[in-house]
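Comments concern the structure below.
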Amino acid sequence: MHTIISYIPDWGVWEQALIALLIPILISRLYRSVYTFGKNGNTSKQARSRAEVAPPPEASELFSGSYDDDFRHIQNAIGGNDDLHCRPFVMQRLGARAALFSVNGMQNNRVLDLSIMEFLMYEAGADTLSSASLNAPNLPFSSLMEATSCSEFSRSVLFGHVGLLIEGFPRGLLIEFPEGSNRAITEPVSEALLRGPRLGFSEVLSINTSMLRRQGFSEQLEIKHCRVGTRLSKDLAIAYMNDIVNPDLLHEVQNRIGDIDMDFIAESGYVEQFIEDNYLSPFQQVQNTERPDRVIAALLEGRVAILLDGTPFALIVPATFSMLLQSPEDYYERWLPGSLLRLLRFGAAFLALLAPSLYISFISFHPGLIPTELALSIIKTRQGVPFPSVIEVLILEVSIEILREAGIRLPQPIGPAMGIVGGLIIGDAAVQAGIVSPFLVIVVAVTAISSFSIPTYSAGITLRMLRFVGMLFAAFLGMFGTILFFLLICSHLTKLRSFGMPFLTPISPFRLSNWKDLFLRAPLMLMKRRPVLFKPQRSKRKS
């Protein structure tokens, strides 16, 4: 690109300044038109979906009281599911036929036999299973419900309940039973700490909510359940502190989750994309985490957590840019080491975003700004390199990104070793072949290491993606393009919001009281108030 610009005669400072003024206006117009079109399209879709009148539900077939008819209707309602286990048996004391319905793998079969089958076959009598004593203490079930229709009964069985059909009883019984085998609770993979709890969320929602409860005893911690997905439903939980959270924020979260209309929500990333304010922005507006301690800390600030069954990643809303660069370890260490580590992360984020752009700007457009001795050293290392600086940087950056992706996809024992060895071999071979300069290898290596220091993986992906855009700006306009690129990002972050909250706060809008936990982490004794941004009901942390 620098070669193309060299053919244009007399590109002076004034011409570059004029282009620097025109480009943001054009980009802003284009971005506004695309965003408005997408927002209007999404709003119209929601309006059409709300305007459509849902068809009336079909009348469910009620239980008739006849064991043979009800048994046949349940089998027809469930259909040809080979993983459904049906166990007919006879209740000895009651002298009645019964059938137990369950799904293979969703219950522990041995516990099911000992806790339910043995009791029903040899101990349960007429006094135990009468209609008036379903909730009596003599029933060994922690949760018991009645189903009045065969469709409700079969649907609950497929969702994980144990269904019980008894001859002569006019309704079906549904028993909530503990799940089968699950993954053991392990340390979070994406958020490793040297000091702090070693607990991470699992894929079971009930275990995740219980881990939140075990963080500390409080009657103000409330967890509301709902289901998402129109064809394949999943359980979703909304967690918040009742005496701290802003009711308007909670209402907004519930409304956005209620507007989700999709066949299947596979992971919490689906929920994140549906509830974020601006889906065209490269920056994430919802924070994700695997750590229960981080979720509890967010709830105590007045934020809301969203947990989905089947994934260990919880969502926290609203989020700001500074929160994506904070780690729970900042608060577990003393305030001086925590502040130093946080400053290093902010500096690493700046290098991960702009280091290659600054290299292209200095080498191609402004070599006079480099100290003389350093400039001579760089010139010596670039002798024999056949490509301009932007092509040189692109070759090495793309190679590093491919190696990084390959290291993630490879099996864990060989993935890290493959990434390190591949980077060393490719970098050394490229220098020996005269394709890239040794100084550029240092710049790219520092850039890659800086991107690894960002605690949130999704935020690191955003900076890696925007890095290539900044390189293109620098290739066309030099330092003017780099500064223009940085100003465009700052203006976008200033306008960006997360659930109505400014994404760049407390920098813009300026809130001095929240700077105690921004670039530096003040001592805990001085952090007496919660962030004003979330408008909590109780602003003081101390009573």
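In this structure, Leu533 and Pro502 approach most closely via the heavy-atom pair CD1-CD, 3.8 Å. Considering every non-hydrogen atom in both Pro506 and Trp515, the closest pair reads O-NE1, 3.1 Å. For the pair Asp293 and Pro328, the tightest heavy-atom approach, listed with the atom from each and the gap, is OD2-CB, 4.1 Å. Considering all non-hydrogen atoms of both residues, Ser389 and Tyr359 come closest at CB-CE2, 4.4 Å. Minimum heavy-atom separation, Ser357 to Thr482: O-OG1, 3.7 Å. In this structure, Ser190 and Phe313 approach most closely via the heavy-atom pair OG-CE2, 3.7 Å.
Here the options are Ile454, Leu351, Leu324, the test is side chain to side chain contact (heavy atoms under 4.5 Å, CB included), and the partner is Leu463; only Ile454 passes. The only option from Ile238, Ile316, Asn246, Leu299 that meets the side chain to side chain contact (heavy atoms under 4.5 Å, CB included) definition with Val304 turns out to be Ile238.
Heavy-atom contacts from other residues, nucleotides or ligands closer than 6.0 Å to CG of Leu194 number 12 or fewer. Within a 6.0 Å sphere centred on CZ of Arg213, heavy atoms belonging to other residues, nucleotides or ligands number more than 12. Taking a 6.0 Å sphere around CZ of Arg198, one finds it holds more than 12 heavy atoms contributed by other residues, nucleotides or ligands. Atom OH of Tyr270 has 12 or fewer heavy atoms from other residues, nucleotides or ligands within 6.0 Å.
In this structure the side chain of Leu394 reaches within 4.5 angstrom of the side chain of Phe468, judged on heavy atoms. Annotation: side chain of Leu205 is in contact with side chain of His225 (closest heavy-atom distance under 4.5 Å). Looking at heavy atoms from C-beta onward, Thr447 lies in side-chain contact with Val443 at the 4.5 angstrom threshold. Looking at Leu496 and Leu504, their side chains never come closer than 4.5 Å, going by heavy atoms from C-beta outward.
Remark: the backbone N or O of Arg529 is paired with a side-chain donor or acceptor of Arg541 at under 3.5 angstrom. Side-chain N or O atoms of Thr462 include one that pairs as donor or acceptor with a backbone N or O of Pro282 at under 3.5 Å. Of the possible polar contacts, one joining the Gln285 side chain to the Asn278 backbone as a donor-acceptor pair under 3.5 Å is found. Under a 3.5 Å cut-off, the side chain of Glu272 and the backbone N or O of Leu315 do not form any donor-acceptor pair. A distance-only check finds a donor-acceptor pair linking the side chain of Glu191 to the backbone of Glu290 [under 3.5 Å]. Using modelled atom types, no side-chain atom of Ser453 and backbone atom of Ala348 make a donor-acceptor pair closer than 3.5 Å. Here the side chain of Gln284 pairs a donor or acceptor atom with the backbone of Ala459 at under 3.5 angstrom. The backbone N or O of Leu518 lies less than 3.5 Å from no partner atom in the side chain of Ser322, so there is not a single donor-acceptor pair. Side-chain atoms of Lys234 come within 3.5 Å of backbone atoms of Ala266 as a donor-acceptor pair (strictly under, hydrogens ignored). For Arg256 (side chain) and Phe274 (main-chain N/O), no donor-acceptor pair under 3.5 Å exists by modelled atom type.
Relative ring orientation between Phe486 and Phe350 is described as perpendicular, the plane-to-plane angle rising above 60° on a 0-90° scale split at 30° and 60°. Classified by interplanar angle (parallel below 30°, tilted 30° to 60°, perpendicular above 60°), the ring pair Phe321/Phe503 is perpendicular.
A salt bridge links Asp517 and Arg342; the closest N-O separation between the charged side-chain nitrogens and carboxylate oxygens is under 4.0 Å.
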Report task. Applying side chain to side chain contact (heavy atoms under 4.5 Å, CB included), run through Gln220 and Arg538 and close with a yes or a no. Result -> CA-CA 13 Å; Gln220 297 298 330; Arg538 295 187 178 183; over 6 Å; no
Requested in this report: Could you give me the CA-CA distance, side-chain angles and deciding distance for Ile370 and Ile363, then say whether side chain to side chain contact (heavy atoms under 4.5 Å, CB included) is met?
Outcome: CA-CA 9 Å; Ile370 307 176; Ile363 296 299; 4.2 Å; yes
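A cation-pi arrangement is absent between Arg303 and Phe499, since the terminal nitrogen or guanidinium carbon is not both under 6.0 Å from the aromatic centre and inside a 45° cone about the axis. Taking the ring axis of Tyr332 as reference, the NZ or CZ atom of Arg521 does not stay both within 45° of it and closer than 6.0 Å to the ring centre.
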